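Note sheet for the following structure.
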Amino acid sequence: MLHQTTLLNLIPSRRWLLHPPSQLKSSSSPTPFVSQRYRKKNRNKSKNNSESGDKIVTEMLSDSSTPPSFSTGEKDLFQLNKSSFLESLMPKKEIGADRFLEAHREYDGRGVVIAIFDSGVDPAANGLQVTSDGKPKILDILDCTGSGDIDTSKVVKANADGCITGGSGKTLALNSSWSNPSGEWHVGCKLIYELFTATLMNRVKKERKRKWDEKNHEAISDALMSLNEFDKEHDKIEDKNLGRFREDLQNRFDFLKKGAENYDDKGPVIDVVVWNDGIVWRVAIDTQSLEDVKDHGKLADFVPMTNYRIERKFGIFSKLDSCSFITNVYNDGNILSLVTDCSPHGTHVAGITAAFHPEEPLLNGVAPGAQLISCKIGDSRIGSMETGTGLTRALIAAVEHKCDLINMSYGEPSILPDYGRFVDLLNEVVNRKNLIFISSAGNNGPALSTVGSPGGTSSSIIGVGAYVSPAMASGAHCLVEPPVEGLEYTWSSRGPTVDGDIGVSISAPGCAVSPVPTWTLQRRKLMNGTSMSSPCACGGVALLISGMKVEDIPISPYIVRKALENTTVSVGVTPEDKLSTGHGLMQVDRAYDYILQSKTLPLVCYEIRVGRTGKPNSLLRGIYLRETSACLQTSEVCFQSNKFPFSILHR
């Protein structure tokens with residue numbers, strides 16, 4: 001479930017829900033730091049709070065000549081200036097990333113490729129165009145769900161006038177400069193609303209309805225005027241032709257009036273054309289049905305595109321929607337994939353991991369030098385839920401692109417931990433392909449055993465809990481009385497898993513103001529959840545890998561995980577805090593020092609399973625005695641240790 005918070009004039013907003021739980025199964029959570037007095041005060045003030053992140057910063061810092069301060073009433077804890085405020089919006093100090101980059105400026109993620117398993121990443125979003133060293137930020141964008149696929153198996157040829165019949169039946173004029181040696185044009189069509197999120201579709205529908213109402217009201221007025229003028233000129237109608245004419249005027253008026261009552265916008269249809277120019281497959285789209293101006297959006301005026309990974313170009317359907325898209329052609333031109341995102345979530349996650357803002361470095365992602373692969377696993381047809389097919393395709397894509405890291409800020413509860421086809425595949429990817437898999441632990445805390453799947457339940461994944469520092473609470477969340485020290489968000493899921501594993505591996509900051517897609521009509525937005533802590537941790541690991549590659553240190557998921565878990569900073573003082581925070585708050589600089597010091601030591605990996613006497617087929621990962629009754633009984637268990645197969649790659 002995805003939630004958001006919007007900042008405005010230092011007052012927390014209560015309208016944090018972006019998508020209902022039934023529409024999105026990802027790991028984000030509402031802001032807990034809203035005092036009761038502000039809840040009452042602002043109950044009706046947050047409807048239109050949708051300012052972009054950079055505008056918010058300007059407004060909040062221009063209210064006074066002095067920076068805003070926050071105190072507990074006893075002594076001032078924070079004095080925020082512009083720099084410290086911006087730092088709180090994209091937390092990096094909390095995990096030691098700033099200290100690491102001060103010591104190793106070129107180890108900022110360069111040479112690292114990260115796969116983002118999420119709702120899709122917008123290539124037009126702010127900060128996601130290039131890396132810190134000028135390379136393309138997004139190497140490839142894939143729709144692993146097939147929700148944007150269009151059947152283009154129908155082949156037509158142009159007539160003497162250079163026109164073809166499109167998939168919708170519309171006559172389309174071709175551009176004479178387009179090269180097509182075979183003369184074969186693959187055609188298809190798509191309802192544009194099938195490519196839009198519910199939020200975008202509603203906005204477009206509302207605007208189209210407004211424009212339609214204007215034209216319809218004008219037509220009704222004209223019809224009524226014609227009817228009245230006819231009645232004035234003809235007091236008595238004896239001629240049958242005049243009677244039929246008058247009836248026609250009345251029917252026209254009634255039809256237009258009834259049409260306003262029965263208005264139903266099914267959405268525009270776009271025509272697509274695919275052809276081979278002798279080198280690559282090309283795509284052109286006719287979007288005239290989206291345009292208000294005549295002859296705008298014509299097929300012949302479209303600049304042809306090809307698979308994103310070849311030319312890295314994206315398009316915008318129209319000014320009305322501002323929705324960017326990319327194209328991929330499969331199966332010898334018979335399938336066209338139009339890739340759009342199914343929520344702002346994936347772009348926000350990607351921005352936390354690796355956004356690069358040369359004009360405002362404090363808003364950079366954790367690893368601005370890293371490159372990304374966007375693997376859309378949220379299916380637009382089923383409310384952005386992930387499917388097994390989509391996840392499998394995403395894993396294949398990550399391996400084919402030789403990714404170093406995978407971030408997956410998706411998940412939901414699971415009855416069977418560390419089990420299933422996807423878990424088997426990710427175990428193979430981690431253990432044999434040396435990909436480091438990082439995922440959100442979930443937002444269903446603080447109850448025990450609330451970690452989600454797969455992030456908090458799978459042994460091969462580094463599950464990340466959500467941490468909040470005093471600076472984040474006062475800056476990003478606008479809390480008047482922030483906590484004295486950092487703590488885990490109350491909603492961050494807790495372990496252990498039902499089969500005895502700790503559940504959460506490490507913690508990282510769980511909120512950020514990060515880029516969002518262009519169709520939102522915003523540049524940045526504040527969101528929080530373990531969906532945000534996972535990419536923060538992923539960016540931190542990208543810094544480690546960047547340095548390890550330069551220093552020629554063998555890279556392995558086990559080396560990295562051991563370094564992270566052994567160099568954390570404890571959060572909380574009680575033993576049960578470990579169930580929420582894992583080993584603690586990750587520290588990039590300390591983890592890198594650990595890797596340098598232990599690079600010559602032999603690495604031995606093994607797994608321990610716990611078996612219960614009399615149940616030889618029931619192997620658990622730990623001993624979990626939750627209820628009092630279980631502690632009062634005598635149980636006999638046996639331990640099984642297996643050496644874990646793995647390989648180390650030099651990259």
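Along the sequence shown, residues are numbered consecutively beginning with 1. Fair warning: this is a prediction, and the values are worked out from it, not measured in the lab.
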Open item on the list: My understanding is that only residues two or more places apart in sequence, or in another chain, count here; which of them pass side-chain contact (heavy atoms from CB on, under 4.5 Å) with Ala563?
Closed with: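 Partners of Ala563 by the side-chain contact (heavy atoms from CB on, under 4.5 Å) criterion, ordered by chain and then number, come out as Ala591, Tyr594, Ile595.
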Does a side chain donor of either [X] or [Y] reach within less than 3.5 Å of an acceptor in the other side chain?
| X | Y | answer |
| --- | --- | --- |
| Ser580 | Arg494 | yes |
| Tyr558 | Asn434 | no |
| Asp122 | Thr347 | no |
| Ser132 | Asp108 | yes |
| Glu488 | Ser507 | yes |
| Asn407 | Ser534 | yes |

Qualifying residues under salt bridge (Lys or Arg N to Asp or Glu O under 4.0 Å), relative to [X], sequence neighbours excluded:
| X | answer |
| --- | --- |
| Asp98 | none |
| Arg393 | none |
| Arg561 | Glu565 |
| Arg99 | Asp589 |

Task: His104: partners by ring-ring contact (aromatic ring centres under 6.0 Å, His included), with sequence neighbours left out - done: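 Partners of His104 under the ring-ring contact (aromatic ring centres under 6.0 Å, His included) test: Phe100, Tyr107, Tyr592.
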TODO: Give a yes or no on whether a salt bridge exists between Glu87 and Lys93, defined as a side-chain N under 4.0 angstrom from a carboxylate O.
DONE: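 Salt bridge flag = yes for Lys93 with Glu87.
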TODO: With side chain to side chain donor-acceptor pair (under 3.5 Å) as the test, would you mind laying out the steps for Ser409 and His345 before giving the verdict?
DONE: CA-CA 9 Å; Ser409 292; His345 191 265; 5.4 Å; no
